[in-house]
Every structure is written in C-alpha cells, then in structure tokens.
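Reminder, nothing fancy here: chain letters follow the sequence lines and each chain counts from 1. The basis for the numbers below is simple: all heavy atoms, side chains too, and nothing from hydrogens, waters or symmetry mates.
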Amino acid sequence: MNQAVQEKPAAKRKPKETGVPDNKKYLHPLMAKNYGNWKYHDRPRPGVLHHVAHSGDHIWTVRAGTQRQMDVGTIRLLCDIADKYAEGHVRFTIRSNIEYMVSKEEKVAPLIAELEKHGFPVGGTGNSISMIAHTQGWLHCDIPGTDASGVVKALMDDLIVEFKREEMPNRVHLSTSCCEINCGGQADLAIIVQHTKPPVINHDLVANVCERPTVVARCPVAAIRPAMVNGKPSLEIDETKCMCCGACYPPCPPMQINDPEYSKLAIWVGGKNSNARGKPTFMKMVASGLPNNPPRWPEVSVVVKRILSVYKDDARPWERMADWIDRIGWPRFFEKTELPFTKYLIDDWRGSRSTFNASTHIRF
Amino acid sequence: MAKKMHDTPNLDQLEDGPWPSFVTGLKELAKDKDYVVDLLGQLETSYRTKKGYWKGGTVGVFGYGGGIIPRFTELKDEAGKPVYEDCTEFHTLRVMPPAGMHYDTDTLRQFCDIWEKHGSGLIAFHGQSGDIMFQGATTDNVQKAFDEINEMGFDLGGAGPAVRTSMSCVGAARCEQSCYDEAKAQRSVLNTFLDDIHRPSLPYKFKFKFSGCPNDCMNSVQRADMAVIGTWRDNIRTDEAMAKQWFAKHGMDELVNDVVARCPTKTFQLKQIKNVKTGPSISSVAISDTHAIEIDNHDCVRCMHCINVMTGALAPGKDKGASVLVGGKSTLKIGGLMGTVIIPFMKLETDEDVQKLVDLGQRTIDFFAENALEHERTGEMIERIGLINFLEGVEVEVDPNMVSTPRTNPYVRTDGWDEEVAKINAQKIKKQQAA
C-alpha cells in the first residue's frame, strides 16, 4: 500500500505499534479510585447522572449533545469548559454525547449553565431521545446516497426538546445511514437510503476499474454477469432480479447506484440491542419512498416525528418501540401512525417465513 | 486569512436551529484554511446535485497497510481539473481511543494542535467502529500527523479486511452493572491482534466489542463478530433499605405493571412476606412491612430489566463474567445477523481468565482466516458451513444455551448419535472425578 514509502525506507519513522492505549491515566480520579466498585446511580434531572460507590464516594456526570464532526475550536471550547467548570476530564458516549464528571454537586448547575450558554444541549439520559448514531455521508464517504451530519442536524433541531427531557416511555435510539449497508446500525428508529433503480453502468470504465469476478460474487441475488459491451469487457445486470441494494457499487464505482431522484429514504422501527425484557430485535421497514431532500429533509422529519409522537402517547412506561409494537400489533401500528402498509413491506428474502403470522392471533 | 468563501445557500440552512452545527464549525475552520473553503464548496455541490464526490485510493503510513481512509475528489471540470483545487484530497486517520473513550483535556488539546497544523481541523468523536476520526488531510500530511499522534501514545485503528477498532462501555469505571473489567478485556484482546489490525489480510473485517452487562450499550450483539457481554451466574443481590425507598417513591402500580409484569420469564414475583420462599437460588427483599419481591434465579435470564428499573435495590450477583456471542453483522451480504452464543459463561477476573478469552479470539480469527470466503463475515461463514463445523474448528463443545430451540426438522444424518452420547457421558464422569 505504501508505494511512496518503499523509495527511501531509511528516512521513514517506524510506527510504535502500541495498540489500544491504557485508559487508566485518562479516567477522572474518582472513577479510577472506585473502578469496579459502584453501587447505584440516580438521575437528579435530565442530562445528569449521579453515581454512588460502595466506598461512599459520589460522582456527578453532565451529558451534553455535540455535532460529532467537530472543529478544533469547538473541541477547545469543550476543553475550556472542562478545565474551568469540571475537573479536566471528559468522555464520549457511543452516540457522540460528551460527558463531564465532577466530584461535587454544587459544580453541576454552573457547568450546565456554561454548556447551554455555548449552545451544547444538556440531556440524552434516561428515557429521552438521544443523539442520532450516524455515518459519514457526502462529507467523507465514497459511496453515499445522502449526507449524514446534515440529516442528523436537521432532525436533532426538531427533536432537541425530547433530548433535554426524559418524557419518552423508554429510551429512544435513532440512527441514520447513507446507504443500505446500514453503518448506522440497529435502532428504535432508523433512516436509511433505499435505492429504487438498478445501477447505471459506465461500460467504458468497468474493465479498468473493477475486478469483475469480485463484483459478480458480491451480488446477493446473482443478478450480475460478465459481458462484452461495445467490444469492451464489462458487466451486465439482470434487471428483473436486481433489488437495487447497491452492494456492487463499492467494489465497482462505474456501477453508479446513487440517483438524485430514485435513491429514496426508508424508515425502520423496533431495533433494540439490549437484552432487557425481550431478546435483542432487528428493526423493520415501515415506510419508504421518501425523497432525499437536502438541506433539511422535511418529508423525513414529518414521518419521524409522527411515529415518535404516537409512540410517546401510546406506549406504556418502559416499553421500547419494539415492546410497544409487540403489544399493539403491526396493523394498529400502521393505523395509528397513518403509514400505508404496502406489499413491499412483506419480506421475500431468506428466512422470510418466520416473519409471517402462522397463527390466528389477530387483534380487532 | 483564507480565500473568499464559496456561496453555500444549502449548507447555510444547517446553521439555523438549536442543535450544534457542524457547518458553523467548518466555516470557522474555513476562515484560516483554503482547504476547508474548498471542502465546503464540494459539500455544497453535493447538497445541490445529491451526489457524492469522493473516491477511494491508496494512501498509508510507513509500516502499516491500513488505518487511513483515502479520499480523492471526483468533482472535476470538462478538462479533468478539480473544481475545488485546494481540497482534492481529504484522507481520514482512524485512531484507536482508550477503552470507554475517556480523555483528559491536555490530550484533546494536543490532538487539536496536531490536526490544526497537519489536517483540516475537523475531528469526529467517534466513528461507528469507535475510532477517533481525524478527517481531512492531504497525502503529504498523513504521515506527519500520524507520527505526532503516534508519539502521544495513540495508534491507528483498522480498515479493510482487518481486525477493526473496538469499543467498550464506560463499564467498571462508572457503572454499577459492570460484570467484568471491560477495558482490560478490550485491551488484552485487541493488542494481541495488532498485526491483523495494521496489515489487513483477513477475508473481511472482524470486529470485537465489549459490553459490561446485558444492556449491551456497545450494540455488540448486532455489530460484532465477537461480542463479549457481561453477565453473572449467582443470585441477584438486594438492598432492603433501597428497595423500601424505591417502593415508597413509586408505589404498587409501578411495581406490578412496570417490573413484575415485564419480567420475561415471570420469575420476578410479588409476595406477602410470610409466603416468601427461601433456598439457594432465591433472592428476596422486603419492599414494605407486608410485601416482598421474590426471584428464583434459576429461571432468570439476566435480562437486566428489574435491575435497570430498581437500580440499587437490585444488583447483578457477585459471580460475574461474560457470555460470548459470535457472528453479528449488518446488512451486507445476506442480511443483518445477531451474534450466536458460543460461550454461555466465562470468568474474566484473573489474567488467566482473560488469556482464555484472548485464546478464543485467536482460534476464531485463525479459523475465519482459513475458512471464510473473500468478503464473507464470520456470521455468514457460520451460516454457510453450519454452527457445528465452526464449533469444532474453534474447539468449543456444544451447549443447549447456543440455541433457542433444538432442530425442528429431521433432515440430519444421526448415525454418530451413540458415539456422541458416549462422549458426553465420559466427559460427565471426568468432571465428577475432577470435582
């Protein structure tokens, strides 16, 4: 991979192959002292965790939302806040929230005030809507159907009230993904690109750019085969088989799957990683065909907010999205959310039979 | 001062609204860097045309084969000249964070100084695999930035067909539900596979993730080829003072509807104190002068719900460790897969315990390297060859905890049945003798 390197290897610095750094030196001193010895926690208010150790020590954590993609000015500002109002230590959650730890309760309120003064919303704890797990999008990805940071910014502007409260039935995790690979992962509600037309092939480039057997092997439905087109070795697609997943595009960029009009957005609900109550669940597609409409994706926002608001009104305490739908059933989910149940939502991929209703369990 | 900004009417709209704006951040950087002025130009074009303009390539640092995500612009005019010529390369360095993503501000400030000097000044905390993503550097600057970051004690993460960067939850550092030392496990396992992280040569990516309890805050069950999820074998611990305090605050309706009714195996019962059972598998605690909670721990699946709701009053047991699940992944190619239990329980207390996990990881990666097809994840390989072949390959005995149900069809050749029964009986006798 390092062609440049091999010219003058003697001049190059050898990497120190140190791997994952030891986290001990980065821990807040109270966390290092009480490592593995915590007794319980409570939440004095949204955005604040209060942990109590068996030793009797207390630590308060203030959680705030960030934009994840941060400029150095923002990071330095967050550091200034840590040095002045907290105790010089921070950590990040899996959803890109920042956490400040302090050893005294009286430090909490000024810290919150300072964070909010600079526009960092405090929240994301307990039964709130937390920050959206997201991917790279147009900013950095090589195969994106849409943007990521922009979608998240637009949606969080709309959901910030629920980020700052703990008024949902249970925690709500959201994710977005800019292609069907779904790097954003399973979530209570996910927004994922859904292509609706087969890739458009630039036959002039395929032979030079793509390893054709690799591309053929990559197709989940065996719809791609080698072909001579205009006298050049290329690939062709059986469009009756192709389900437009875009798996061929990463290994073969001349098979352009992204389309400004035909790459749509789909909404999925009911994914859950936790083992709490039921086993972990995969999310299910409940809407598609929404336009990819930057810079604020208003059509997506409308549907997301409607689903979340119905869930908030209708679910019982501690029901995650999946638990709620288990209780009310899918027909009522579509009825209450006013989403059309189309034939495309009936699975025809492998294992689909297990998703059919093999019983007379029907709600009226 | 950098050159004049391009018009960005689309991106400008992402500066409105209360959530922190990455566009505002980029514009701050663009005040000093032509590089970011042109980055905004290309991004605005994407917002207008709804197309991405980055393509991959080959960029690395000396000594490593991975860890850099190369990006070259494809947004060119008719003559093949880049439209935004001050930002034609926008490579990312993936850097492995400390377990639990803890930092002191000195470290973060050093990152900022390095990245302001050599890169765009844009850093993402963190990517979906857990990397600190230093986003945006030219080919010339990648090595310089890496050298300085590496001197700080940080190392590149994985990319391509490699062992990938890992994540663990806050865990033992601040969480009462932690069932093992997640950071130690993560570091011990990952740092065994540095060669497989830095020099991609596996069939496809391989991810480890470490969650301290079955709440699985690291989403390991659906993201990790090997998920290490904390659990315990003995009884749920109780604290009577806190249980009574919880009940006084929340009352009977919440106890019944939110806790008793939500226990997945209905092993959590509310009883009059005089009727509470005792026994080696029973946890019980009074919640009032008349009533108590009773849990038969043999029937508890360690789902965490009651402990989550009544934290402090209830807690995981003391005989802690982890379950190991293998084969979780996202969509490509056969659809999303959850991990499958291959080790129902293992202790992770001593160095020897942790070494057993490292060894299991090693056997799994060795088997994966030899048996998976190109671009096939561990879960897909298991689906193709069958769980039994995988278990035999990594030298793990079958266990009924690995399945939701035994098989529901007769399509299997069972002429080795008697030998298998004899083997199981022999092992039983061996275990009894050892005890």
Novice: Within a strict 4.5 Å, meaning less than it, do heavy atoms of the A:Glu17 and B:Tyr64 side chains meet?
Specialist: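 Side chain of A:Glu17 against side chain of B:Tyr64, heavy atoms only: contact under 4.5 Å found.
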
Novice: Between B:Phe146 and A:Pro15, is any pair of side-chain heavy atoms under 4.5 Å apart?
Specialist: yes

Novice: Taking NZ, NE, NH1 and NH2 as the nitrogens, is one of them in B:Arg262 or A:Glu319 under 4.0 Å from a carboxylate oxygen of the other?
Specialist: yes

Novice: Between A:Pro253 and chain B, which part of the residue has a heavy atom less than 4.5 Å away: side chain, backbone, both or neither?
Specialist: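 Neither part; nothing is under 4.5 Å.
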
Novice: Please look at A:Asp22 and chain B and tell me whether the side chain, the backbone, both or neither of the residue comes under 4.5 angstrom of a heavy atom of that chain.
Specialist: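 Both parts, heavy atoms under 4.5 Å.
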
Novice: Would you indicate whether the side-chain heavy atoms of B:Phe111 and A:Ile75 approach each other to under 4.5 Å?
Specialist: no

Novice: Are the side chains of A:Gln136 and B:Met133 in touch, meaning some heavy atoms are under 4.5 Å apart?
Specialist: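 Yes - at least one pair of side-chain heavy atoms lies under 4.5 Å apart.
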
Novice: Whether the side chain of A:His51 engages the backbone of B:Glu176 through a donor-acceptor N/O pair (distance < 3.5 Å, no angle test) should be reported.
Specialist: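 Between the backbone of B:Glu176 and the side chain of A:His51 there is no qualifying donor-acceptor contact (under 3.5 Å).
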
Novice: Counting C-beta onward and ignoring hydrogens, is there a side-chain heavy-atom pair between A:Asn275 and B:Arg302 closer than 4.5 Å?
Specialist: no

Novice: Counting N and O atoms only, with roles assigned by atom type, does the side chain of A:Lys12 sit under 3.5 Å from a partner on the main chain of B:Gly63, one being a donor and the other an acceptor?
Specialist: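 Not confirmed, A:Lys12 side chain does not pair with B:Gly63 backbone.
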
Novice: Charged N to carboxylate O under 4.0 angstrom, B:Asp216 versus A:Lys272?
Specialist: no

Novice: Do B:Asn150 and A:Arg13 come within less than 4.5 Å of each other through their side chains, counting heavy atoms only?
Specialist: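 Contact flag for B:Asn150/A:Arg13 side chains = yes.
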
Novice: Do A:Lys16 side-chain atoms and B:Asp147 backbone N/O form a donor-acceptor pair below 3.5 Å?
Specialist: no

Novice: When heavy-atom pairs shorter than 4.5 Å are enumerated against chain B, which of A:Cys183, A:Ala82, A:Ala247 gives the highest number?
Specialist: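 Top option by heavy-atom pairs under 4.5 Å: A:Cys183.
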
Novice: Please look at B:Glu44 and chain A and tell me whether the side chain, the backbone, both or neither of the residue comes under 4.5 angstrom of a heavy atom of that chain.
Specialist: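 For B:Glu44, no heavy atom lies under 4.5 Å from chain A.
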
Novice: Could you tell me whether B:Arg109 and A:Asp83 have a side-chain N and a carboxylate O separated by less than 4.0 Å?
Specialist: yes

Novice: Checking heavy atoms, do the side chain of A:Ala217, its backbone, both or neither come under 4.5 Å from chain B?
Specialist: backbone

Novice: With sequence neighbours excluded, tell me which residues meet salt bridge (Lys or Arg N to Asp or Glu O under 4.0 Å) with B:Glu15.
Specialist: B:Lys27

Novice: Less than 4.5 Å to any heavy atom of chain B: does that hold for the side chain of A:Trp138, its backbone, both, or neither?
Specialist: both

Novice: Under 4.5 Å, counting heavy-atom pairs only, tell me which of B:Glu116, B:Met304, B:Glu28 racks up the most with chain A.
Specialist: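 Winner by heavy-atom pair count: B:Glu116.
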
Novice: Between A:Lys153 and B:Gln13, does a side chain to side chain contact (heavy atoms under 4.5 Å, CB included) hold up when you go through it step by step?
Specialist: CA-CA 10 Å; A:Lys153 157 70 179 156; B:Gln13 293 179 55; over 6 Å; no

Novice: Got B:Asn257 and A:Arg316 here, is their nearest side-chain heavy-atom distance under 4.5 Å?
Specialist: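 The answer is no; the side chains never approach within 4.5 Å.
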
